[in-house]
Amino acid sequence: MPELPEVEVVRTGLASLLLGRKVQSVTAFRADLRYPLPDFSPLFEQKIHAIRRRSKYLLFDFTGDTERGEFEAQTLVWHLGMTGQFHVLPKATSAGAHEHVRFDFDDGSSLRYRDARRFGYAGLMATNDWEKHAWFKRLGPEPLFDEFDVACLLAHCHGRKAPIKTLIMDAHVVVGVGNIYAAESLFLAGIHPARAAGRISKQRLQALVDAIKVTLAAAIQAGGSSISDFVQVDGKPGYFAHNFHVYGREGEDCTHCDAKIRRIIQAGRSSFYCPMCQH
DNA sequence: CTGAAGACCTGCCTGC
DNA sequence: TGCAGGCAGGTCTTCA
């Protein structure tokens, strides 16, 4: 399901429903997803006081403050993989297909995690040092922050023969750019996805930085992409798919010229581009 | 170090 | 209708 915009839309939806909720119980219906699930028992009686995002990870911050006493504040880290979904439903609602974990709260609601392919994963870590965890310590900048700029991208591209598309999808370079938005950003910037990263001018890399920011921001604004099974927390679909210029449009007309959109395989993934507009 | 390929797992669509 | 094959948004590991 998710690239950065989808995760951000899920984060907003969950925050609107779950802040201040106290955990009554957590049930895991299996021992692992991609990795073994953590022991959730430290979260018992704790309240969610913030829901944040870093890269494509959701971070649920708990208070550490319960009737049993004070505990070190914990952060529940969750990655949705390809098909993970969170839904907030009344406790009485029966489990759906592929529902692997549920959190029951004090107000009668429950948070359900569903994930058909089980590429998702979760971890529980101390709030004051989650950034030191292996999942985070080598991540690149957030694409929508000022820290991601042309100087940063240029430094990673220098001397690299790897295709630019592979490079912008590398989380050590910049986080959150997945297969869909990489394709869309490269189209906007007029850069061919197979072009060697080290052979692109600073000016064109600047255009790419701008295109990534514009593309991701527009997708968040639109409520995420409705590709396949992406749904928001309340079950409504995202709408960004209606705005795709190249992704999933092999053989169709380019939106800017008379050429047909092409598909190639890079690093085992489909890449879509316009042979006239991108070089 | 770099870059490519395979691995994880299930569902859905296409074509025979 | 049934079934094989290809494909899917992400990351991590392995190999040359």
Side-chain angles (χ1 to χ4, degrees), chain A residues 1-11 29-37 53-58 77-86 96-100 113-123 133-140 143 155-186 193-199 212 215-216 219-220 222-232 237-244 246-251 263-272:
Chain A
M1 163 178 57
E3 296 189 31
L4 184 148
E6 290 73 35
V7 179
E8 181 59 24
V9 169
V10 169
R11 187 199 68 76
F29 300 110
R30 54 181 306 128
D32 48 35
L33 296 173
R34 177 172 182 166
Y35 306 125
L37 284 164
R53 179 189 59 73
R54 168 73 172 115
S55 183
K56 294 168 188 164
Y57 295 87
L58 287 165
V77 175
W78 212 295
H79 195 296
L80 300 172
M82 294 250 232
T83 51
Q85 299 179 350
F86 276 119
H98 306 296
E99 188 173 306
H100 305 306
Y113 180 70
R114 301 174 59 174
D115 189 348
R117 283 172 83 179
R118 303 203 304 273
F119 281 4
Y121 48 103
H133 191 278
W135 295 343
F136 298 101
K137 65 183 176 191
R138 292 163 71 193
L139 288 183
H156 283 286
C157 288
H158 183 71
R160 296 286 296 273
K161 291 179 182 167
I164 185 64
K165 181 193 177 230
T166 310
L167 195 123
I168 59 173
M169 286 180 66
D170 181 347
H172 304 304
V173 175
V174 58
V175 304
V177 182
N179 205 35
I180 294 174
Y181 300 115
E184 294 298 307
S185 299
L186 286 165
R195 180 156 206 95
R199 302 196 51 222
I212 288 170
T215 304
L216 294 179
I220 292 170
S225 152
S226 65
I227 268 287
S228 181
D229 56 358
F230 176 65
V231 288
Q232 302 182 51
Y239 294 100
F240 191 71
H242 302 303
N243 298 329
F244 288 162
V246 289
Y247 185 81
R249 299 191 60 239
E250 181 182 16
R263 180 172 80 105
I264 54 173
I265 304 295
Q266 294 181 281
R269 321 293 297 263
S270 289
S271 290
F272 300 89

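Lettering of chains follows the sequences in order, A, B, ..., and the numbering in each one begins at 1.
Not a single donor-acceptor pair, N or O on each side, falls under 3.5 Å between the base of C:dG10 and the side chain of A:R117. For C:dT11, its base sits under 3.5 Å from the side chain of A:R34 at one donor and acceptor pair at least.
Closest contact between the side chain of A:Y121 and the listed nucleotides C:dC12, B:dG11, B:dA4 involves C:dC12. With B:dA4, C:dA8, C:dG10 as the choices, the nucleotide that has an atom nearest any side-chain atom of A:E3 turns out to be C:dG10.
Looking at heavy-atom distances under 4.0 Å, A:T166 makes no contact with the nucleic acid at all. Using a 4.0 Å heavy-atom cutoff across all strands shown, A:G268 reaches no nucleic acid atom at all.
A sub-4.0 Å separation between OP1 or OP2 of C:dG10 and a side-chain N or O of A:H79 is absent. Using a 4.0 Å cut-off, no side-chain N or O of A:R160 falls inside it from OP1 or OP2 of B:dC1. Distances shown here put every side-chain N or O of A:R118 at or beyond 4.0 Å from the OP1 or OP2 atom of B:dC8. Of the side-chain N and O atoms in A:T83, none sit less than 4.0 angstrom from OP1 or OP2 of B:dG11. Residue A:R269 places none of its side-chain N or O atoms closer than 4.0 Å to OP1 or OP2 of B:dA5.
Side chain of A:D32 to main chain of A:L37: no donor-acceptor pair is present (N/O by atom type, distance under 3.5 Å, no hydrogens or angles).
For the pair A:K56 NZ and C:dC12 C1', the interatomic distance rounds to 13 Å; values are reported in whole Å. Atom CD of A:E250 is separated from atom P of C:dA8 by 10 Å (rounded to the nearest Å).
Within the 4.5 Å cutoff, no side-chain heavy atoms of A:F29 are placed close to those of A:Y113. Between A:R34 and A:R118, the closest side-chain pair of non-hydrogen atoms is not below 4.5 Å. Two residues are said to be in side-chain contact when any heavy atoms from C-beta on lie closer than 4.5 Å; A:N179 and A:K165 meet this criterion.
Where A:H98 and A:K161 meet DNA chain B, the nucleotide closest to each residue was compared, and A:K161 sits on the side nearer the 5' end.
The gap from the P atom of B:dG6 to that of C:dG6 amounts to 13 Å, rounded to the nearest Å.
In terms of the side-chain hydrogen bond (donor to acceptor under 3.5 Å, both in side chains) criterion, A:R195 has no residue partners (sequence neighbours excluded).
Here A:F119 packs flat against the base of B:dC8; its ring centre is closer than 5.5 angstrom to the base's six-membered ring, tilted by less than 30 degrees.
For the residue pair A:T215/A:E184, the side-chain donor-acceptor check at 3.5 Å is not satisfied.
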(message) Counting Watson-Crick and G-U wobble pairs with both distances under 3.5 Å, what is the dot-bracket string for DNA chain B, 5' to 3', using [ ] for crossing pairs and | for pairs to another strand?
(response) .|||||||.|||||||
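In A:R138, the CZ atom is not crowded: 12 or fewer heavy atoms of neighbouring residues, nucleotides or ligands sit closer than 6.0 Å.
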